[in-house]
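See below for the structure under consideration.
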Amino acid sequence: MEFNLDVNDLLVGPRPSEQSILTLREGEYEVAFRLPVCSDLSLLDVHSSVDFNSRLLLRTCIASVRKAGNEVGGAEIPAELEGAVVKVMGDADPLGNIEVTCMCPHCNHAWQSSLDIAWFLSKEICGLATRLLREVHILAAAYGWRECDILSLPPSRRLAYINLVQ
Ligand SMILES: [Zn+2]
């Protein structure tokens, strides 16, 4: 499936600074927290569940928890507050989780899908690298040229030779 995405839709405004502390007051609780940053991901455990890692990430972002005005030790918050904190995070950083609406052109079935730009970009780069290796292989096998000579050709010239070989 393919879909069009207007880059302007991804430019809705600046993300709050990494040092910004957000606050949520609910009932007798006051939770101060920051938005997640890329370096937080290094703390996660690939062998653990999504749920475990989600809670770990949330705890990492919590600066303080107060209950009835008194500091509560650690970064633990009641489970019912976790969703509220995540919602405030999402509202403060609307591009933190990009969702696109996809629709099947045949049956009009529609669904929401998460757009992970980092994953998408790394997949595109990996695809380009694989294609480039294949081009080097084809031209080296056909003409006996060195890799560095093949890579120094402009892409359009490289493609022209590949079309002559195949
Ligand atoms: Zn369909």
Side-chain angles (χ1 to χ4, degrees), residues 1-27 29-65 72 74-138 151 154-156 158-160 162-163 166:
M1 241 196 87
E2 290 183 359
F3 62 90
N4 293 320
L5 184 65
D6 188 341
V7 172
N8 288 318
D9 292 341
L10 302 179
L11 303 173
V12 294
R15 183 181 200 258
S17 126
E18 290 181 7
Q19 287 79 35
S20 291
I21 295 292
L22 306 167
T23 307
L24 172 75
R25 288 184 188 86
E26 196 154 300
Y29 280 96
E30 182 180 315
V31 184
F33 54 94
R34 62 171 173 78
L35 294 175
V37 293
C38 288
S39 58
D40 291 334
L41 299 178
S42 65
L43 302 171
L44 305 184
D45 178 5
V46 293
H47 303 293
S48 296
S49 68
V50 170
D51 190 53
F52 173 86
N53 281 317
S54 297
R55 286 169 188 265
L56 179 60
L57 182 59
L58 185 59
R59 277 200 308 273
T60 303
C61 295
I62 292 176
S64 68
V65 180
V72 177
E76 295 294 335
I77 57 173
E80 60 268 21
L81 276 186
E82 290 179 358
V85 169
V86 169
K87 182 173 182 335
V88 174
M89 285 179 169
D91 292 345
D93 184 18
L95 294 179
N97 181 25
I98 300 169
E99 296 216 314
V100 292
T101 302
C102 302
M103 185 183 284
C104 172
H106 294 293
C107 68
N108 290 337
H109 170 69
W111 69 96
Q112 292 264 304
S113 197
S114 235
L115 176 64
D116 183 342
I117 289 176
W119 174 84
F120 176 78
L121 191 61
S122 71
K123 199 167 158 76
E124 285 291 301
I125 290 170
C126 190
L128 287 173
T130 303
R131 195 176 77 205
L132 193 56
L133 281 174
R134 188 173 170 276
E135 290 175 3
V136 168
H137 167 73
I138 290 169
L151 292 176
S156 58
R158 204 164 46 231
L159 186 62
I162 285 172
N163 287 336
Q166 292 177 327

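Predicted model only: the values in this text are computed from it and were never measured. When reading the values below, keep in mind they use all heavy atoms of this one structure, side chains included, and skip hydrogens, waters and symmetry mates.
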Distance col, row N53:CG vs L44:CG, nearest 0.5 angstrom, shows 4.5 Å

Across all chains, not counting sequence neighbours, the side-chain contact (heavy atoms from CB on, under 4.5 Å) partners of R55 are D51, R59, E82

Sorted by chain and residue number, the side-chain contact (heavy atoms from CB on, under 4.5 Å) partners of A160 (sequence neighbours excluded) come out as none

The ring pair (Phe, Tyr, Trp, His ring centres under 6.0 Å) partners of W119 (sequence neighbours excluded) come to none

Sorted by chain and number, sequence neighbours left out, ring pair (Phe, Tyr, Trp, His ring centres under 6.0 Å) with H106 holds for none

By side chain to side chain donor-acceptor pair (under 3.5 Å), D91 pairs with (sequence neighbours left out) K87

Taken in chain and number order and not counting sequence neighbours, the residues that satisfy side chain to side chain donor-acceptor pair (under 3.5 Å) with D116 are none

Sorted by chain and residue number, the side-chain contact (heavy atoms from CB on, under 4.5 Å) partners of C107 (sequence neighbours excluded) come out as C104, H109

In short, salt bridge (charged side-chain N to carboxylate O under 4.0 Å, His left out) pairs touching residues 117-134 with sequence neighbours left out are R131-E135

Contacts of T101 meeting side chain to side chain donor-acceptor pair (under 3.5 Å) (sequence neighbours excluded), chain-then-number -> Q112

To the nearest 0.5 Å, atom CG of L151 lies from atom CG of L133 at 8.5 Å

Residues 34-49 vs side-chain hydrogen bond (donor to acceptor under 3.5 Å, both in side chains), sequence neighbours excluded, gives R34-D40, D45-S48

- Query: Can you check side-chain contact (heavy atoms from CB on, under 4.5 Å) on L43 and L57, steps first, answer last?
  - Reply: CA-CA 8 Å; L43 302 171; L57 182 59; over 6 Å; no

Check: Yes or no on side-chain contact (heavy atoms from CB on, under 4.5 Å) for E30 and L24, after CA distance, side-chain angles and deciding distance?
Finding: CA-CA 6 Å; E30 182 180 315; L24 172 75; over 6 Å; no

Below 3.5 Å, can you tabulate the donor-acceptor pairs from side chains in residues 5-12 to any protein atom, sequence neighbours excluded?
unit_1: D6; atom_1: OD1; unit_2: N8; atom_2: N; d: 2.9
unit_1: D6; atom_1: OD1; unit_2: N8; atom_2: ND2; d: 3.4

For P78, the side-chain contact (heavy atoms from CB on, under 4.5 Å) test, sequence neighbours excluded, returns Y29, E80, L81

Heavy-atom nearest pair, F33 first then V88, reads CZ-CG1, 3.6 Å

Correct closest heavy-atom pair for C102 and S113 would be SG-CB, 4.1 Å

Review point. Could you walk me through whether M89 and L58 pass the side-chain contact (heavy atoms from CB on, under 4.5 Å) check?
Key: CA-CA 10 Å; M89 285 179 169; L58 185 59; 3.9 Å; yes

- What do the steps show when you test L35 against C61 for side-chain contact (heavy atoms from CB on, under 4.5 Å), and what is the final call? CA-CA 6 Å; L35 294 175; C61 295; over 6 Å; no

Output for pair (L115 CG, E99 CD), nearest 0.5 Å, gives 10.0 Å

Does a side-chain heavy-atom distance below 4.5 Å link N97 with S114? yes

